[in-house]
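Here's the structure, in structure tokens; my notes come after.
In this text, all values refer to a predicted model and were calculated from it rather than measured experimentally.
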Amino acid sequence: MRKVLLIASVVGLAFAPASFGASSVVGEKLDNGLGALPASYTAAEFQKVVLGESLDSGLGALPASYTAAEFQKVVLGESLDSGLGALPASYTAAEFQKVVLGESLDSGLGALPASYTAAE
């Protein structure tokens with residue numbers, strides 16, 4: 001009797017991962033019931049309406065150049081200069097890059113034309 005229970009439990013454990021790992025249930029419906037909704041659908045009919053609520057942010061018409069500078073902290077003695085001075089566009093900080101002997105900087109692509117887009 002003990003051997004039968006042992007065999008039954010081993011067989012049950014062998015099939016347990018398969019039953020727990022099943023990704024679908026027989027007869028399960030995958031349709032969400034919404035049908036084909038247009039991209040402009042907002043579910044507005046389900047949103048609460050609060051009397052007197054204002055959707056205006058209160059900021060008015062702010063110009064694109066507005067930075068909220070009046071709310072930024074000012075630290076005495078703080079310098080906003082990066083300390084780099086006026087660097088040319090061609091500056092690469094090569095003096096700080098490691099040099100590895102035998103390293104190849106060639107990408108292996110050869111000389112590609114500027115119009116190459118890898119569209120193939």
Sequence neighbours excluded and cut-off under 3.5 Å, please list the side-chain donor-acceptor pairs for residues 84-95, or say none.
unit_1: Y91; atom_1: OH; unit_2: E95; atom_2: OE2; d: 2.7

- Message: My understanding is that a hydrophobic cluster links ILVMFWY residues whose side chain heavy atoms are under 4.5 Å apart, including indirect links. Using that, what else belongs to the cluster containing M1?
- Response: none
Could you pull out all donor-acceptor pairs under 3.5 Å where a side-chain atom in residues 6-13 meets a protein atom, sequence neighbours excluded?
unit_1: S9; atom_1: OG; unit_2: L5; atom_2: O; d: 3.2
unit_1: S9; atom_1: OG; unit_2: L6; atom_2: O; d: 2.8

- Note on the structure: Hits for side-chain hydrogen bond (donor to acceptor under 3.5 Å, both in side chains) against Q72, two or more places apart or cross-chain, chain-then-number order -> none
